[in-house]
Trainee: 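Let me begin by handing over the structure; questions about it come next.
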Amino acid sequence: MSLPRLPAVRDIIKLYGLSARSQLSQNFILDKNITDKIVRTTAMNAKTPLVLEVGPGPGLLTRSILDADARNVVAVEKDDRFISALKQLAESSGDRLKVLQGNMLTIPDEEILSAAKLGPANPMDSTDPIHIIGNLPFNVASPLLIQWLHKLAGRQGLFGLGDASVWMTLMFQKEVGQRLSAEVSTQHRGRLAVMTQSLCQVKTVYTVPSTVFVPQPKVDASVVQLVPKPAFHIGDTAGVYLTLENILRYFFTKRRKTVGHILNRLSKEMPRAKEAIAEAEVGLDKKARPEDISTDQFCQMAMIFHRQNIVDLPL
Ligand code: SAM
């Protein structure tokens with residue numbers, strides 16, 4: 001399923017006068033060895049039922065995805081200047097690529113599924129994982145991930161297609177990548193690490209130096225792979241996840257305080273949570289700081305609070 005010979009992406013950029021727009025965080029990769037390497041980390045292939053690419057820009061990563069034999073690719077790009085070049089790539093892809101112009105933060109999943117010809121009436125014919133992939137615009141990377149984690153917890157939209165797992169392989173600024181994968185009691189440990197690790201195995205698969213991008217950004221990037229874990233709670237996982245987020249906000253806005261201090265304060269501010277707090281603090285080291293609490297311990301706390309209907313915490 002190889003692509004016909006196409007003009008080099010570098011030439012497409014020249015041909016269409018596609019200068020990078022900083023307000024869209026455009027830093028392009030023009031070296032196909034690199035985009036091939038990113039795609040290889042996903043092990044996607046002809047059996048992959050769907051690949052969603054976010055922010056394809058001039059389309060080199062898209063070419064690598066098609067060269068990996070992906071047969072159902074939907075690419076969502078906000079900047080209309082790229083659409084005609086991407087449509088040309090779609091035409092030469094043998095109907096394997098669909099291009100949607102839109103904002104990934106607001107585009108409905110139904111639009112993506114309809115372009116991919118998937119949904120309740122068209123179930124997938126493969127149990128292989130769906131892949132979301134992107135050299136993400138840095139300024140929307142974190143909000144997008146948070147949105148996807150919510151959908152994953154609630155098994156909604158793309159994350160609710162039968163039993164299919166959705167793997168995410170995403171480029172982040174290196175520092176954000178470190179925050180996502182931070183282990184307990186390490187420098188970068190915070191809310192984002194626990195939120196992400198409560199639902200996914202998180203692995204940095206590739207560190208990409210800033211020199212690879214055109215124009216060159218100030219910082220290096222890393223490709224992080226997120227593979228959903230079995231749900232940490234049977235039943236209302238979305239509700240428990242929401243409780244977890246509220247607990248994390250409460251704890252990590254007091255990150256210099258000890259766990260004992262934080263829980264005491266919570267029981268004063270919220271007397272009706274006393275019973276849940278008493279149950280949750282069993283096994284916790286009161287002298288520890290929020291970054292020392294493991295993801296499992298936070299999930300356990302969220303399950304206890306949720307069971308006792310303590311969902312919203314004071315700010
Ligand atoms: N994938 C290309 C590459 O690797 O060279 C371009 C990467 S560039 C860092 C980010 C791309 O995301 C740009 O093409 C930009 O126009 C697009 N973009 C920015 N915000 C977006 C959004 N909210 N939804 C979809 N695409 C967006």
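Order of listing sets the numbers, starting from 1, for every ligand and every atom in it.
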Trainee: Which atoms from ligand 1 have a heavy atom of Phe28 less than 4.0 Å away?
Mentor: 5 (O), 6 (C)
Trainee: Run the numbers for me: atoms of ligand 1, each under 4.0 Å from some heavy atom of Asn27, listed by number.
Mentor: 7 (C), 8 (S), 9 (C)
Trainee: Looking only at distances, can you tell me whether any N or O atom of Gly55, backbone or side chain, sits closer than 3.5 Å to an N or O atom of ligand 1?
Mentor: yes
Trainee: Which of the atoms in ligand 1, numbered in the order shown and given with their element, are less than 4.0 Å from a heavy-atom of Asn103?
Mentor: 22 (C), 23 (N), 24 (N)
Trainee: Not counting sequence neighbours, which residues clear side chain to side chain donor-acceptor pair (under 3.5 Å) with Lys151? List them please.
Mentor: Asp109
Trainee: With a cut-off of 4.0 Å, which atoms of ligand 1 are near a heavy atom of Asp79?
Mentor: 16 (O)
Trainee: Looking at Gly57, which atoms of ligand 1 are within less than 4.0 Å of one of its heavy atoms?
Mentor: 14 (O)
Trainee: Of all the heavy-atom pairs spanning Gln101 and Asp80, show the shortest one and how long it is.
Mentor: NE2-CB, 3.3 Å
Trainee: Which ligand 1 atoms are under 4.0 Å away from a heavy-atom of Val76?
Mentor: 25 (C), 26 (N)
Trainee: What I want to check is whether the side chains of Gln178 and Gln187 have a donor and an acceptor closer together than 3.5 Å.
Mentor: no
Trainee: Taking atom types as modelled, is there a side-chain donor on Gln225 or Thr169 under 3.5 Å from an acceptor on the other?
Mentor: yes
Trainee: Please could you name the atoms of ligand 1 that Gly102 approaches to less than 4.0 Å, counting only its heavy atoms?
Mentor: 24 (N), 25 (C)
Trainee: Under a plain distance cut-off of 3.5 Å, with no hydrogens placed, do Arg179 and Gln173 share a side-chain donor-acceptor pair?
Mentor: no
Trainee: Can you run down the ring pair (Phe, Tyr, Trp, His ring centres under 6.0 Å) pairs that involve residues 167-187, sequence neighbours left out, and say none if there aren't any?
Mentor: His131-Trp167
Trainee: Using heavy-atom distances only, which candidate in Met104, Lys78, Arg81, Glu77 approaches atom 16 (O) of ligand 1 most closely?
Mentor: Glu77
Trainee: Please confirm whether Ile29 comes within less than 3.5 Å of ligand 1 when only nitrogen or oxygen atoms on both sides are compared.
Mentor: yes
Trainee: Any side-chain to backbone donor/acceptor pair from Arg307 onto Ile304? Under 3.5 Å, distance only.
Mentor: no
Trainee: Is the positively charged end of Lys254 above the ring of Tyr250, judged by distance under 6.0 angstrom from the centroid and angle within 45° of the axis?
Mentor: yes
Trainee: Closest by any non-hydrogen atom to atom 7 (C) of ligand 1: pick that one out of Leu144, Asn135, Val208.
Mentor: Asn135
